[in-house]
Amino acid sequence: MSHGIRALSEEDLPLLAGLEKQCFPGEEWTSKMLASHLEYHQAFVWEEENVMSYALVCETPWEVEIFRIATIPTYQRKGAALRLLQSVLEKFATKDFFLEVKESNSAALSLYEKSGFSVLEKRKKYYPDGSTAIIMLRKKEL
């Protein structure tokens, strides 16, 4: 297996569905949602000996929105999400990035801030559990 970032295709749907169940139990995207994402957008994994993290992104001519970025629980706090995020940022270096994150997700907020994202706005009671969403922006590299 290669080391680094790899783009996913529709053939990777079972892998992606399994990653969702591990990373977002009870909040995972359905197979139909994932299939639709893979049909119209892009997904990537970070692999070393195994898949460690993944990202679901939507690229437009002007920007990239990160819908999901997650690390398999056994690999959390080992730099996999940072390596994947840096690779995605490099891949789309000429574009601005947007994402939303739960205000309570301090690990993700720290990761994004270290990677050059800044808070754009907050949306109170945005998620079904009533928590606040933080919308973040990272301007393209000049």
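Numbers here are sequence positions counted from 1. The analysis underlying the following values was restricted to heavy atoms, covering all of them including side chains, and did not include hydrogens, waters or symmetry mates. Since the structure is predicted, the reported quantities are computational estimates derived from the model, not experimental observations.
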Exercise for review: Decide if atom NZ of Lys91 counts as having more than 12 heavy atoms of other residues, nucleotides or ligands within a radius under 6.0 Å.
Suggested key: no

Exercise for review: Return yes if a side-chain donor-acceptor contact under 3.5 Å exists between Tyr126 and Glu100, otherwise no.
Suggested key: yes

Point to revise | Common cluster, Phe98/Leu89, ILVMFWY with side-chain heavy-atom separation under 4.5 Å | key: no

Review point. Is Leu109 reachable from Ile135 through a run of I, L, V, M, F, W or Y residues, each pair having side-chain heavy atoms under 4.5 Å apart?
Key: no

Review point. Parallel under 30°, tilted from 30 to 60°, perpendicular over 60°: which one fits the rings of Phe92 and Phe97?
Key: perpendicular

Any donor and acceptor pair, going by atom type alone, linking the side chain of [X] with main-chain N or O of [Y] inside 3.5 Å?
{"X": "Gln42", "Y": "Val57", "value": "no"}
{"X": "Lys95", "Y": "Thr60", "value": "yes"}
{"X": "Glu20", "Y": "Glu28", "value": "no"}
{"X": "Ser36", "Y": "Lys32", "value": "no"}

Exercise for review: Apply the test side chain to side chain contact (heavy atoms under 4.5 Å, CB included) to residues Tyr112 and Leu85: give CA-CA distance (whole Å), side-chain angles for both, the deciding distance (0.1 Å), then the verdict.
Suggested key: CA-CA 9 Å; Tyr112 300 138; Leu85 179 57; 3.9 Å; yes

**Study point:** NZ/NE/NH1/NH2 to OD/OE distance under 4.0 Å, Lys140 and Asp96
**Key:** no

Exercise for review: Output yes when Glu48 and Arg83 qualify as a salt bridge under the 4.0 Å nitrogen-oxygen rule, no when they do not.
Suggested key: yes

**Study point:** Qualifying residue, where the test is side-chain hydrogen bond (donor to acceptor under 3.5 Å, both in side chains) with Glu103 and the options are Lys122, Arg123, Lys124
**Key:** Lys122

Review point. Atom OG in Ser118, atom CD in Glu113: separation rounded to 0.5 Å?
Key: 9.0 Å

Looking only at heavy atoms, which two atoms of [X] and [Y] are closest? And how far apart?
{"X": "Asn105", "Y": "Val101", "answer": "CB-CG2, 3.9 Å"}
{"X": "Ser31", "Y": "Leu13", "answer": "O-CD1, 3.9 Å"}
{"X": "Val88", "Y": "Phe44", "answer": "CG2-CD1, 4.2 Å"}

